[in-house]
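Throughout, protein chains are lettered first and strands after them, A, B, ... in sequence-line order, and every chain is numbered starting at 1.
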2 protein chains.
Amino acid sequence: MDQAARLILQSELVANEDLPDEGADPRAAAALGKPLIAEEDLAIDNSALLIHHTRVSDLRLAAGMDHVVSGPEHVEVHTHCMPDWARTTVACVLDPGETLQVVKFIGYGWSGQRSRPALRDQVHAALTAARFAGWQGLLMAQRAFLDEFWDAADVELDGDPEIQQAVRFALFHVLQAGARAERRPVASKGLTGPGYDGHTFWDTEMFALPVLTSTQPTAARDALRWRHSTLDLARERASTLGLSGAAFPWRTIHGQECSAYWPAGTAAFHIGADIASAVVGYIDATGDEDFAREFGVELLVETARLWRSLGHHDRHGVFHIDGVTGPDEYSALGDDNVFTNLMAAWNLRAAAEQALKYPDVAQALGATVEETAEWRDAANAMHVPYDEELGVHQQHRNFTSHQEWDFANTPPEHYPLLLHVPYFDLYRKQVVKQADLVLAMHWCSHAFTPDQKARNFAYYEARTVRDSSLSASTQAVIAAEVGHLELAHDYLAETALMDLHDLNHNTRDGVHIASLAGSWLALVAGFGGMRSYHGRLSFAPRLPSRIDRLSFSVRWRGLRLRVTVRANEATYELRPSQEENHDHEVKLALRHHGQEFTVSSAEPVTMAVPVAPQVTPPTQPVGREPVPRDLRTSD
Amino acid sequence: MDQAARLILQSELVANEDLPDEGADPRAAAALGKPLIAEEDLAIDNSALLIHHTRVSDLRLAAGMDHVVSGPEHVEVHTHCMPDWARTTVACVLDPGETLQVVKFIGYGWSGQRSRPALRDQVHAALTAARFAGWQGLLMAQRAFLDEFWDAADVELDGDPEIQQAVRFALFHVLQAGARAERRPVASKGLTGPGYDGHTFWDTEMFALPVLTSTQPTAARDALRWRHSTLDLARERASTLGLSGAAFPWRTIHGQECSAYWPAGTAAFHIGADIASAVVGYIDATGDEDFAREFGVELLVETARLWRSLGHHDRHGVFHIDGVTGPDEYSALGDDNVFTNLMAAWNLRAAAEQALKYPDVAQALGATVEETAEWRDAANAMHVPYDEELGVHQQHRNFTSHQEWDFANTPPEHYPLLLHVPYFDLYRKQVVKQADLVLAMHWCSHAFTPDQKARNFAYYEARTVRDSSLSASTQAVIAAEVGHLELAHDYLAETALMDLHDLNHNTRDGVHIASLAGSWLALVAGFGGMRSYHGRLSFAPRLPSRIDRLSFSVRWRGLRLRVTVRANEATYELRPSQEENHDHEVKLALRHHGQEFTVSSAEPVTMAVPVAPQVTPPTQPVGREPVPRDLRTSD
């Protein structure tokens, strides 16, 4: 613009903004009309403060803003406030070449206990500190934090710039959701939107925490400490259900079960093993014995007790877990869900092992050797249903004899099926919303032979519709393992672009933290082939044709391992964490495509990548093939 | 009293009476606060009229009363009315020996369409007609109707006067519930109380209608015509569920599904076969071809279509019906429930047979020979799960490997379990609320060998807690068949005394029509051993030690067959119905303990009762043995 312009700039704080009505989609939040009751509004100079409390739970929230305005000589600044909004208006005339700069600082505080003056002071102190540090000061502190994160977490990807960007976006959001959760749950949408009412589910432990454990372990630790803080409620829930140990809630904010539909809520008991898996994953990756003693062992013991009481031996001594719901939400109340049974068996063994390792902790928890022996026995006797005739595992008993879904006559607009078909029909047929048996093959990899994995993947691939955002990443991991590298690449793209391309048309409700975390899993556990078994890391890297180079890091017991994969070779580099003495040589025993080797911080190791086996591409349900990349890019 | 007494007599009509709060019992009615809105109240002489309409459904209801008062010379009578009540007060002084007689007449009328004057006129006309007929006139008309009923329906029982009385009480209530239902459903409480919100369920067709078919067939016909009148809604429901044919509602008043919990509602698809069973039972017993043409065949065809679309063939050509709920409400969403599968197979064959018999009707319904062939094929391929190792049928697939219920540690006050234990736990264990597999053995008798019946009965007897009033009668029927005659007698007492002794502590919500009907079934199908198969009646009478003589009648194709059973012999007597010419000899081919014979109206036939086999008494869950008679009598 080559002439003077009048500029009006408004900066606002708004409470009780109307949420759009999202109709009957169960994944959206229940819209609460004006959930906040105003207590105080206050404007001082260019700052404003609003204090509210929530209608039912009586949590108090204070939000403040302040502004530093610099510009031409004559700038008018007014700040007004009302109970539900505050506004700072900046007015000036800018001549060509002139600049108006407004720095806006925001401070929040909340509490279920502290007084209004206390929260008012907290927010004003935060704003004062921010003004004192200034924009540059805040920026530098943030950059230092993120530099430390990216140093250990960054993934590099040559050949697919769209996914390169998407994976960084994903890691940033997973960090955002987890870094400051501290003693709070990591919600499935993080803090990015009202979807699922801000609740946390099993996907935090099974998707987000494995990523944080490898990239920002303190965040994983804090999330698990929050789970531990809810143990009393989980024990009470187990008792209500006539069970021992702890029954963690399917969906919750504070630890109570908030699912109103028990066949797809409480019955999904696998959440206990998912938490146990995150606990052991964290302990294995960090060697954090303090955490193990104070939190980890108790979580393992109480979840093991749940499994022992939930299952039973039949007259032949085989252990069954009947009438529960696995990860696939298009089946419910099945007998012997393979994912649940394998994870439960692992959970029972892991609890017994940790009880052996920390006998004083086990004793304090009342876990006797007789009890741990029972856990091992149940784990060893666990039933894993397998269809001999088809040569595939059954997602749960009877599954493979259920009616096939009529995909040919399901029009594209009927997906996601949950919005168009009664659950009655979904539950009784061979249609899979999300990886379930395939998820078992990721996390209980040793329970399957390579041939079983290949056959199982093909069988469930043809019946999985990916109506959940928790599917593509796992399908990518196992597709890569069994040799469908191009398909794995497609699924990587789906999970990584879930929100950037709004593939499920609900990013307005918040980003899909687990799907974003899944893009890291698709790369690291998929193309990197990373698995952890009995505290040992193994890799089986192999790239799809369009990715020339993949480089990722994992934190492991204070070390940083960087793996760089190319078409024919993979290089493993080890260094101590930044805090350690870099001159001290450290070593780590690993596996590469089944071959044991040791990498030292003195020297990287390069290993050859074996040629991929020839495989027949699997098929997906008609119309549910991976989203084509070129179409998606032109959205 | 030997002196004059002042007497005040109040006679009332009351609307919107407060219902007691029944807490969380799902079997009680939802208490509606003042469901009726007053429209008119009117007192004329000793009569009063109240007109209301229902708040939501806008049904209009008029209720009137009138009084004929006779007594000493000075009697004061006042009638007052208010919107929600009317009261006639009679005051007098009676000297010793004097009499005050008040005859109260009540008239009701209701409509969703007719005007207030029309209903007012209807009630006043009814009251006028009643006054005109007078008490004696009304009594005589009622007596003539009941004499005709009892002539065909009465059961005589020597040796157990308590049950003799209870069975007559039961038959009276079944008649009350059904005789004037006309084009309305027979509710599970009849009109005796607000329990289950006045809804009708499958037990009308499976318990009440078989009794009415044999004793008051026009009432059975009317109830089935009501079902037929809801066919469009049932077809719409099937279509909503992606199915063909008609899906009848689990609970309803008007034909729409009113169950809010689909695993124990809509998923209980067996109601379709239950209706079909009542249809064929009625047609077989009456030979009513007009009914068959106009209503019966269509009900059979549309229910058969439902089964064909609900089930599927597996890769071996075996037909399965997965993910449905059988009669036992402590299991849900099982695969291949035996009761459902056998009843469905029978339903499919019956529809094909009737289509063959009425080809013009079948053609009008679009039922081609290809379609009926598909029904027969599905029926012939139906899977019936059987546990070879235990030698018993599985209530549904996997059932016999589920965990046993811990009866030893279930205290008596935890029954009924549904009020104390989460359904999650009930669904996944071997605990049976009510006869399910045992009910299949009653209605699909030919699908089981005698040995299987004996073993199945013992197996399920040990796991059935009778938390439903729909269980004891069926257990009585099969206990009698397999030789546990004393146990059958105990269960007969339970079902017959359900309301007279308030055994379930909820008779305040209304009587249990199906349980009462079950007392007739326990006698006739139990000790009489009556079954109908392909339109032929068979009997296998055998008495318990404490019953010396049992005599019952059934109406069969215009004939009345009376069966009198004693310890060692049974006598069959045949006579035409009262309308027929008694001089014309009629004959009927029957079976007695498997032996074919013919009885003629000219002469009764007496057959020997074979000696009962020696059997080992089965056991029930601890604390769920049949209610002891002497305790009960001293209640």
Side-chain angles (χ1 to χ4, degrees), chain A residues 237 240-243 247 257 261-269 309-316 318-325 330-336 383 385 387 389-390 396-406 409-410 414 417 420-430, chain B residues 237 240-243 247 257 261-269 309-316 318-325 330-336 383 385 387 389-390 396-406 409-410 414 417 420-430:
Chain A
R237 178 75 174 164
T240 299
L241 296 169
L243 299 168
E257 177 63 86
Y261 178 57
W262 71 265
T266 294
F269 282 98
S309 66
L310 187 66
H312 73 105
H313 291 94
D314 69 16
R315 57 189 178 273
H316 298 289
V318 178
F319 197 77
H320 299 272
I321 301 173
D322 293 336
V324 303
T325 300
Y330 286 172
S331 284
L333 306 185
D335 293 342
D336 290 319
H383 184 56
D387 186 323
E389 193 176 276
L390 294 177
H396 55 80
R397 276 175 83 183
N398 303 0
F399 184 86
T400 53
S401 71
H402 284 175
Q403 189 168 8
E404 299 283 357
W405 190 263
D406 186 1
N409 289 306
T410 305
H414 278 196
L417 296 173
H420 301 278
V421 177
Y423 270 95
F424 150 71
D425 213 28
L426 295 170
Y427 283 176
R428 59 201 289 279
K429 292 184 178 168
Q430 292 195 56
Chain B
R237 178 75 175 163
T240 298
L241 297 170
L243 299 167
E257 176 63 84
Y261 178 56
W262 72 265
T266 294
F269 281 99
S309 65
L310 187 66
H312 73 103
H313 291 92
D314 69 16
R315 56 187 179 272
H316 297 288
V318 178
F319 197 77
H320 299 273
I321 301 172
D322 293 335
V324 303
T325 300
Y330 286 172
S331 285
L333 307 185
D335 293 341
D336 290 319
H383 184 56
D387 187 324
E389 193 176 275
L390 294 176
H396 55 79
R397 278 175 81 184
N398 304 359
F399 184 86
T400 52
S401 70
H402 283 175
Q403 189 168 7
E404 300 284 359
W405 190 263
D406 186 2
N409 288 308
T410 305
H414 278 195
L417 296 173
H420 302 279
V421 177
Y423 270 95
F424 149 71
D425 213 28
L426 296 170
Y427 282 177
R428 58 201 289 278
K429 292 183 179 167
Q430 292 195 57

Closest contact, heavy atoms only, B/R397 versus A/S401 =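 Closest pair (atom of B/R397, atom of A/S401, distance): NH1-OG, 2.9 Å.
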
Could you look at [X] and say if it's the side chain, the backbone, both or neither that has a heavy atom under 4.5 Å from chain A?
| X | value |
| --- | --- |
| B/F319 | neither |
| B/Y261 | side chain |
| B/D425 | side chain |
| B/F424 | both |
| B/H316 | side chain |

task = Output the option from A/E389, A/K429, A/E404 having the highest count of non-hydrogen pairs under 4.5 Å with chain B.
result = A/E389

task = Please assess A/R315 against B/L390 for the test side-chain contact (heavy atoms from CB on, under 4.5 Å), listing each intermediate value before the final yes or no.
result = CA-CA 11 Å; A/R315 57 189 178 273; B/L390 294 176; 3.3 Å; yes

Pair B/D335-A/H402, side-chain contact (heavy atoms from CB on, under 4.5 Å): steps then yes or no = CA-CA 9 Å; B/D335 293 341; A/H402 284 175; 2.5 Å; yes

request  = Please test B/N398 against A/N398 for side-chain contact (heavy atoms from CB on, under 4.5 Å), starting from the C-alpha separation and ending with a verdict.
outcome  = CA-CA 9 Å; B/N398 304 359; A/N398 303 0; 3.2 Å; yes

query = With respect to chain A, which residue among B/V318, B/L310, B/D314, B/D406 yields the maximal number of heavy-atom pairs within a distance under 4.5 Å?
reply =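 So the answer, after comparing B/V318, B/L310, B/D314, B/D406, is B/L310.
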
[X], part contacting chain B, at a heavy-atom distance under 4.5 Å:
| X | answer |
| --- | --- |
| A/L333 | side chain |
| A/T266 | neither |
| A/L243 | side chain |

